2 protein chains.
Amino acid sequence: MEGTIEEKAYAAKRASVHLANVSTDVKNKALKMMADALLNNKDAIMDANRKDLEEAEKMKQDGQLSSSLYDRLKLSDAKFNDMVSGVSDVAKLEDPVGKTLATVVLDEGLTLYQVSCPIGVIGVIFEARPDVVPQVMSLCLKSGNATIFKGGSEAKNSNRVLFDTLISAISQIPEIPTAAFHLAESREDVAKMLELDNSIDLLIPRGSNDFVKYIQDNTRIPVLGHSSGICHAYVDESADIELAKKVCLDSKIQYPAACNAIETLLVNEKIAGEFLPQMAKLYADNGVELRLDDKSETVLKKSGADLSGANLQKATEKDWDSEYNDLILSIKVVGSVDEAIDHINKHGSHHTDVILSQNKQNINQFTGLVDSGNVMVNASSRFSDGFRYGKGAEVGISTNKIHSRGPVGMEGLMIYKYILSGSGQVVANYTGIGAKKYMHKRTDEKYCRLQ
Amino acid sequence: MEGTIEEKAYAAKRASVHLANVSTDVKNKALKMMADALLNNKDAIMDANRKDLEEAEKMKQDGQLSSSLYDRLKLSDAKFNDMVSGVSDVAKLEDPVGKTLATVVLDEGLTLYQVSCPIGVIGVIFEARPDVVPQVMSLCLKSGNATIFKGGSEAKNSNRVLFDTLISAISQIPEIPTAAFHLAESREDVAKMLELDNSIDLLIPRGSNDFVKYIQDNTRIPVLGHSSGICHAYVDESADIELAKKVCLDSKIQYPAACNAIETLLVNEKIAGEFLPQMAKLYADNGVELRLDDKSETVLKKSGADLSGANLQKATEKDWDSEYNDLILSIKVVGSVDEAIDHINKHGSHHTDVILSQNKQNINQFTGLVDSGNVMVNASSRFSDGFRYGKGAEVGISTNKIHSRGPVGMEGLMIYKYILSGSGQVVANYTGIGAKKYMHKRTDEKYCRLQ
């Protein structure tokens with residue numbers, strides 16, 4: 001569809017109520033056709049991607065584009081196949097629309113149903129990664145949400161051919177309003193999208209921390225996302241040392257660029273003398289630079305451990321608020337689980353934090369008081385992820401305190417409406433002298449559209 | 001507590017994680033002591049309220065304060081008793097904290113629990129009505145949320161004595177951190193509160209539409225509320241006329257100032273000739289001014305019905321977007337249920353809309369496509385209310401599309417955290433060649449803090 005971004009968003013809003021009512025069978029049929037269309041159009045998609053890569057190559061040489069952005073832009077054969085199977089997999093996920101969440105009989109013949117429905121129009125703003133288009137479009141279609149995509153200019157050709165391929169597939173199914181999906185392409189459209197709080201109900205930014213922060217700071221539309229991941233592991237005095245070493249290593253090195261990798265290790269002073277030298281050696285062997293507070297430095301020196309070859313630095317105050325996204329870790333010795341919790345709540349990003357402990361009371365203290373979306377007990381921070389949590393698909397990771405928190409699957413794209421089914425009841429009869437009483441009886445009855 | 005609003009909010013944030021972990025018994029004991037303290041302090045509370053009323057009386061005479069604001073400010077004996085029993089009733093509500101919402105076994109000995117927890121710090125900004133203080137404080141305490149109150153200056157004395165009474169009651173219970181609750185009093189504090197998105201997680205404004213709109217337009221903190229209620233009733237061609245008359249009358253006149261009273265009546269052209277003259281007569285008899293579109297005017301004229309004494313006006317385009325909050329109703333004749341739905345989605349405030357119909361297909365069409373938090377089938381719009389819905393208490397009515405929608409009870413003050421309980425599992429073992437497989441088995445096991 002041609003037109004301004006305002007027109008596209010308004011068209012999406014109008015179409016969204018129709019998309020919300022498409023049956024599960026039709027949506028699954030559409031997903032299958034989307035997957036097939038991607039396969040049938042593979043050559044054109046790969047050609048478009050090559051065009052983007054050529055441009056990007058030049059920009060990379062000029063220093064205008066990072067290697068990691070280039071990598072995310074590139075559609076390899078493996079990534080292409082994942083993209084296609086990702087779309088097919090969404091067909092297997094349960095349809096989240098139209099579920100009866102609660103039923104309350106207010107009075108004889110007056111029943112209240114709370115029924116799940118899509119949020120409406122989702123705005124997705126992303127950098128590089130063209131595979132976002134099929135992934136998000138399949139999730140939004142299944143959950144009945146209209147979508148406005150705005151991709152980065154570096155993936156312009158890939159995004160366009162992917163979007164057109166998918167739209168042409170679903171346009172063969174008359175029950176699906178294609179006006180529910182739009183691709184915005186001009187740079188000015190981002191700023192405009194952020195103002196369309198009358199048409200767009202939720203924004204999902206995908207990209208760097210700075211990018212997400214920019215979106216969050218410049219819109220009144222709710223944003224599902226997180227701009228940073230400052231995660232911690234706390235090694236309690238009661239920790240099992242071998243277990244703690246394994247988990248602390250994995251939490252840092254398994255994929256250091258991920259938002260759920262730890263940036264700071266907190267160690268109880270009662271176990272530091274035994275644990276820290278062993279752990280520091282393990283980190284050093286794996287190329288992790290360590291930034292030590294005074295106490296941990298003293299502990300390591302006193303231990304006389306052989307840390308030759310280790311990259312040991314002094315931590316400054318800034319380190320406690322830093323997300324390295326790299327093989328760097330700050331280390332601090334703390335006096336108690338409470339001191340660890342205070343540090344985490346003050347310096348953390350409320351994303352994912354780990355306790356290593358064999359003491360139930362300290363574990364309860366930690367899980368109860370750490371104000372983060374994910375709290376891991378004797379397990380790696382890296383498990384904090386939609387796929388690992390079994391959500392089937394991940395829409396994003398949220399550090400918001402409302403709506404959805406932690407890894408968010410399709411359920412984060414849902415809200416509900418109340419449907420009150422009556423037979424002429426009026427409030428006047430339930431008010432004042434001789435008022436009828438409400439029953440407020442909860443039942444398991446499901447709301448059924450076609451009774 | 002003395003200090004700036006920033007200091008209060010930061011103290012509340014720190015205290016909030018502790019309040020989140022207070023046991024149900026202790027919270028219920030605190031609620032009982034709060035109710036008792038109000039009763040024991042009735043004289044002082046009423047004195048303070050009289051002081052506010054004297055000031056307000058002067059302002060009313062100067063035209064600086066409306067009668068309705070004056071009424072809401074006044075604590076009558078009945079209102080005082082409702083206030084006290086309201087606090088006691090919250091003790092009877094189920095504790096929403098610490099509920100296991102889902103449990104997934106990721107692998108042997110690696111279990112993921114999704115556990116409900118409070119949002120954190122709630123900012124409540126309200127006009128007049130001092131009874132908001134005990135009502136909201138009891139709901140926030142029970143749900144484990146810290147609270148910053150900012151009341152209007154017109155209720156300054158009442159708010160202060162109510163707040164001090166409640167704080168002094170809970171300060172006798174050492175497990176409850178009194179630093180979780182604060183009262184802000186200066187006018188400048190409102191603007192400052194709107195900026196404290198690092199400390200305040202959710203704002204609940206209580207007051208006029210303009211007041212709520214001002215809050216929504218000037219903060220990045222999520223706002224739970226609604227700024228207007230433009231509600232509709234649609235009378236389908238298949239409507240039962242006697243039933244429709246009853247419901248349409250109640251929806252307008254039972255309490256016209258409420259946000260869930262209808263402002264526009266949409267009538268299908270096939271039933272208009274029979275229904276409209278009868279309905280117009282009923283409205284006229286009840287003092288409702290009618291603003292008619294051309295078609296409904298023609299229908300009424302042609303019918304020859306006796307509408308002497310009726311206040312009939314011409315509707316203008318502006319009427320379709322107007323919330324009268326008064327005995328005024330706009331009327332439009334439409335050609336189909338789809339035209340009614342389009343009108344509602346375009347002009348409504350997504351609050352509450354009613355269909356009067358005996359046709360299942362049209363009912364399904366309406367409930368499915370009307371994009372409102374509450375859709376009533378053959379029942380009055382006035383049922384759209386937390387108490388009538390059986391929520392026990394109402395935190396507010398939301399027209400947001402995320403988190404909570406429609407009448408919101410204590411559940412709207414809740415979010416969740418994920419707790420992953422393991423025994424040394426690392427992600428490296430679930431990745432690459434020979435990777436362990438996830439089980440992702442859902443179970444009914446509850447998360448238990450003290451195992």
Side-chain angles (χ1 to χ4, degrees), chain A residues 14 17-18 20-21 104 106 110 112 119-120 201-202 217 222 240 243 246-247 249-250 254 345 360 364 367-369 371-380 382-384 388-390 401-403 405-406 415-428 430-431 438 440 449-451, chain B residues 14 17-18 20-21 104 106 110 112 119-120 201-202 220 222 240 243 246-247 249-250 254 345 360 364 367-369 371-380 382-384 388-390 401-403 405-406 415-428 430-431 438 440 449-451:
Chain A
R14 284 179 57 91
V17 293
H18 296 280
N21 287 277
V104 185
L106 303 194
L110 185 66
L112 180 71
I119 286 178
D201 299 300
L202 181 69
D217 285 350
D240 173 323
L243 186 158
K246 260 197 330 189
V247 170
L249 187 69
D250 189 82
Q254 203 267 330
N345 285 344
K360 296 273 187 238
N364 283 339
T367 57
L369 291 172
D371 185 20
S372 297
N374 305 276
V375 183
M376 315 319 232
V377 180
N378 296 322
S380 171
R382 294 273 302 125
F383 282 108
S384 163
R388 292 178 193 138
Y389 277 10
K401 292 298 286 286
I402 67 159
H403 190 62
R405 200 181 188 200
I415 186 72
Y416 52 80
K417 60 169 79 163
Y418 287 104
I419 299 176
L420 180 64
S421 178
S423 43
Q425 287 84 350
V426 295
V427 163
Y430 295 84
T431 315
Y438 291 101
H440 289 152
R449 288 196 68 200
L450 294 165
Q451 283 166 324
Chain B
R14 284 179 56 92
V17 291
H18 296 279
N21 286 276
V104 185
L106 303 195
L110 186 65
L112 180 71
I119 287 179
D201 299 300
L202 181 70
R220 289 181 47 215
D240 173 322
L243 187 159
K246 260 198 329 187
V247 170
L249 187 70
D250 189 81
Q254 203 269 329
N345 285 344
K360 297 273 186 238
N364 282 339
T367 57
L369 292 172
D371 185 19
S372 297
N374 305 278
V375 183
M376 316 318 234
V377 180
N378 296 322
S380 171
R382 293 273 303 125
F383 282 109
S384 164
R388 292 176 194 141
Y389 278 10
K401 292 298 287 285
I402 67 158
H403 191 64
R405 199 180 188 201
I415 185 72
Y416 53 80
K417 61 168 78 164
Y418 287 104
I419 298 176
L420 180 65
S421 178
S423 42
Q425 287 84 350
V426 295
V427 163
Y430 295 83
T431 316
Y438 291 102
H440 290 151
R449 287 197 68 203
L450 295 165
Q451 282 166 324

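Naming: A, B, ... by sequence-line order, numbering from 1 per chain. Here the structure is a predicted model, which means the values were calculated and not measured.
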Practice problem: Evaluate the side chain to side chain contact (heavy atoms under 4.5 Å, CB included) criterion for residues B:Leu112 and A:Phe383: first the C-alpha distance (whole Å), next the side-chain angles of each, then the deciding distance (0.1 Å), finally the verdict. | Solution: CA-CA 10 Å; B:Leu112 180 71; A:Phe383 282 108; over 6 Å; no

Whatever's closer than 4.5 Å to a heavy atom in chain A on B:Leu110 counts as side chain

- Message: Under 4.0 Å between a side-chain nitrogen and a carboxylate oxygen: does that hold for A:Lys417 and B:Asp371?
- Response: no

Whatever's closer than 4.5 Å to a heavy atom in chain B on A:Ile419 counts as both

Q. Where does the angle between the aromatic ring planes of B:Tyr389 and A:Tyr418 fall among parallel (under 30°), tilted (30 to 60°) and perpendicular (over 60°)?
A. tilted

Honestly, the part of B:Arg382 sitting under 4.5 Å from a heavy atom of chain A is both

Under 4.5 Å to a heavy atom of chain B? For A:Ala20 that would be neither

Of A:His403, A:His18, A:Gln425, the largest count of non-hydrogen pairs under 4.5 angstrom with chain B goes to A:His403

- Message: Please check: side-chain N/O of B:His440 versus main-chain N/O of A:Gly390, any donor-acceptor pairing under 3.5 Å?
- Response: yes

Under 4.5 Å to a heavy atom of chain B? For A:Asp217 that would be both

Applying a strict 4.5 Å limit to non-hydrogen atoms, the region of A:Ser372 in contact with chain B is backbone

If you tally heavy-atom pairs under 4.5 Å between each of A:Ser384, A:Pro222, A:Gly424 and chain B, the highest tally belongs to A:Gly424

The interface call for A:Arg388 against chain B, heavy-atom contacts under 4.5 Å, is both

Heavy atoms of B:Ala379 and A:Gly422 approach each other most closely as CB-CA, 4.2 Å

When the 4.5 angstrom heavy-atom criterion is applied to A:Val104 and chain B, the contacting part is side chain

Open item on the list: Any non-hydrogen side-chain atom of A:Ile119 less than 4.5 Å from a side-chain atom of B:Ile402?
Closed with: yes

Interatomic distance, CG@A:Asn374 vs CG@B:Leu420, rounded to 0.5 Å, equals 8.5 Å

Of the listed B:Val377, B:Val375, B:Asp250, the one with the largest count of heavy-atom pairs under 4.5 Å with chain A is B:Asp250

Exam field: side chain B:Asp201 to backbone A:Lys401, donor-acceptor pair closer than 3.5 Å
no

Closest non-hydrogen contact found for A:Gln254 with B:Val427 is OE1-CG1, 3.3 Å

